[in-house]
Amino acid sequence: MTDSEFSSAIPTYRPALVAYALNRGYASRADADDLVQDVLATIWARQAHHGFRDDSSVATWLYQCVKQRAIDLRRQRN
């Protein structure tokens, strides 16, 4: 996935990712939004989107990134 493709995917998927984070147990929209922002910034900083396989679903990949980050944060708190 190119930089421009990733940049254009963010506004498309961000609202659904925030809703997904809320459904994963984040009590406030602000916390869920921070989680999603952190995930997207990390993907961008690590250039992880360049390794995305085009035969996969972008939505599924992003949901899994958000899910894994949420799990990691819960483990750190406990």
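In what follows, residues are counted from 1 in the order of the sequence shown. Reckoned from all heavy atoms, side chains included, excluding hydrogens, waters and symmetry mates. None of these values were measured; they are calculated from a predicted model.
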Not counting sequence neighbours, list each pair that qualifies as a side chain to side chain donor-acceptor pair (under 3.5 Å) and has a residue in residues 8-18. Arg14-Asp33
Pairing residues for Asp54 by the side-chain contact (heavy atoms from CB on, under 4.5 Å) criterion, not counting sequence neighbours: Phe52
Value rounded to 0.5 Å, distance of CG in Leu17 from CG in Leu35: 9.0 Å
Rounded to the nearest 0.5 angstrom, the SG-NE2 distance for Cys65 and His49 is 12.0 Å
Evaluate the criterion side-chain hydrogen bond (donor to acceptor under 3.5 Å, both in side chains) for residue pair Asp72 and Gln68; output intermediate values, then yes/no. CA-CA 6 Å; Asp72 291 345; Gln68 191 58 49; 3.2 Å; yes
Can you confirm whether Phe6 sits close enough to Leu40 that some side-chain heavy atom of one is under 4.5 Å from a side-chain heavy atom of the other? yes
Check for me, please, whether Ile71 and Tyr63 land in the same ILVMFWY cluster - side-chain distances under 4.5 Å, paths through other members count. no
Can you list the residues that meet the side-chain contact (heavy atoms from CB on, under 4.5 Å) rule with Ala32, with sequence neighbours excluded? Val18, Ala21, Leu22, Tyr26
For Gln47 and Asp3, what are the C-alpha separation, side-chain angles and deciding distance, and is it a side chain to side chain contact (heavy atoms under 4.5 Å, CB included)? CA-CA 9 Å; Gln47 297 291 300; Asp3 290 347; 3.6 Å; yes
Once rounded to the nearest 0.5 Å, what's the spacing between atom CD of Glu5 and atom NE2 of His50? 10.0 Å
Do Ile10 and Trp44 make a side-chain contact, defined as non-hydrogen atoms from C-beta onward lying under 4.5 Å apart? no
Residues in side-chain hydrogen bond (donor to acceptor under 3.5 Å, both in side chains) with Gln64, at least two apart? none
Only counting residues at least two apart or in another chain, list the ones meeting side-chain contact (heavy atoms from CB on, under 4.5 Å) with Ser57. Ala59, Thr60
Those residues that, when tested against Thr42, pass side-chain contact (heavy atoms from CB on, under 4.5 Å) (two or more places apart): Asp38, Arg46
Quick one: are Leu62 and Ile43 in side-chain contact, heavy atoms under 4.5 Å? yes
When you look at CZ of Arg74, are more than 12 heavy atoms from neighbouring residues, nucleotides or ligands closer to it than 6.0 Å? yes
